[in-house]
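Shown next, in C-alpha cells, is the structure this report addresses.
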Amino acid sequence: MKKALSLSIVAVILFSCSQPTTQSVVAKAPVDSLIANWGNSWNNHDSAAVSNLFTADALLIDDDFIGTTTNEIATQWISPNINMVKHFKSTTLQEWSGNDRAGYTGKYQFDAVVNDSVVAKASGVYTVNWIKTDKGDWKITTADIHAIKNLFGK
C-alpha cells in the first residue's frame, strides 16, 4: 500500500511538472501607430490632437525651448509651429515597448511653410517616451527634439 501511494505521489509530481504553464499575454505599445498619430496630427495642423498626446506634466526639450507642462508645450511650442509643418515624415532608428511604457528614436523631416511657400526643409532627430495611463491611453511623458544643423556649409 505504501508503495502504491508513493508511486501515485511521484506520478502526480512528474505529471504536474510536465504540464505547460500558461502565461497571460499583455499587448505591448503600438509604437508604429503612436508615431503615425504624432505625424498625422502635425500634418493635419491639429494643435488640440498634438496637445492631447502629452501627459499633464510632460517634459519637452528642443533646441530653443524647454516645456514642463502640457499647457506650456501647447501655448509656447505647438501653437506657434503647427501651421508651418507640412509633409512630416519619420524614419525609425530605434524603438522599444513594454506593457506600460514605450519609446521611439527617429529622424524627422518636414517642409516648413510660411504664406504657402516652403521656406525650409527641416530635419533632425527626436526621442519620445510614452506611458500607458489608467484609462489605457498612451501619453507622451518626455520628448527630446533636435534639429540637424549644417555647420560646415555642405
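Each residue takes its place number in the sequence, starting with 1. Reckoned from all heavy atoms, side chains included, excluding hydrogens, waters and symmetry mates.
Expressed to the nearest 0.5 Å, how far CG of Leu59 lies from OG1 of Thr68 amounts to 7.5 Å. Between the CG atom in Asp46 and the OG atom in Ser41 there is a gap of 6.0 Å [rounded to 0.5 Å]. The distance from atom CG of Asp57 to atom CG of Asn71, rounded to the nearest 0.5 Å, is 13.0 Å. Residue Trp77 holds its CH2 atom at 12.0 Å from OG1 of Thr70, rounded to the nearest 0.5 Å. Interatomic distance, Asn37 CG to Trp138 CH2, rounded to the nearest 0.5 Å: 14.0 Å. Separating the CE atom in Met84 from the CZ atom in Phe110 is a distance of 6.5 Å, to the nearest 0.5 Å.
Each of Asp62, Thr127, Asp63 was evaluated against His146; a single residue qualifies, Asp63, per the side-chain hydrogen bond (donor to acceptor under 3.5 Å, both in side chains) test. Considering Lys86, Lys89, His87 as possible partners of Asp111, the one that fulfils the side-chain hydrogen bond (donor to acceptor under 3.5 Å, both in side chains) test is His87.
With hydrophobic clusters built from ILVMFWY side chains whose heavy atoms lie under 4.5 angstrom apart, Phe88 shares a cluster with Ile145. When hydrophobic clusters are built by joining Ile, Leu, Val, Met, Phe, Trp and Tyr residues whose side-chain heavy atoms come closer than 4.5 Å, directly or via intermediates, Val118 is not grouped with Val85. Ile66 and Ile140 fall into different hydrophobic clusters, where Ile, Leu, Val, Met, Phe, Trp and Tyr side chains are chained together by heavy-atom contacts under 4.5 Å. Hydrophobic cluster membership differs between Ile61 and Tyr108, with clusters built from Ile, Leu, Val, Met, Phe, Trp and Tyr side chains linked at under 4.5 angstrom.
Contacts of Asp137 classified as side chain to side chain contact (heavy atoms under 4.5 Å, CB included), with partners at least two apart in sequence or in another chain: Thr133, Lys135, Lys139. Take Glu95 and apply the side chain to side chain contact (heavy atoms under 4.5 Å, CB included) test, not counting sequence neighbours, and it matches Val31, Asp32, Thr92, Tyr104.
The two residues Asn83 and His45 make their nearest non-hydrogen contact at CA-ND1, 3.4 Å.
Looking at Thr141 and Trp130, their side chains never come closer than 4.5 Å, going by heavy atoms from C-beta outward. With a 4.5 Å cut-off on side-chain heavy atoms, Trp42 and Ile82 count as touching. Looking at heavy atoms from C-beta onward, Ser90 lies in side-chain contact with Tyr126 at the 4.5 angstrom threshold.
Side chains of Asn129 and Thr142: a donor on one and an acceptor on the other come within 3.5 Å.
Although no hydrogens or angles enter the test, the distance criterion places a donor-acceptor pair under 3.5 Å between the side chain of Ser51 and the main chain of Ser47.
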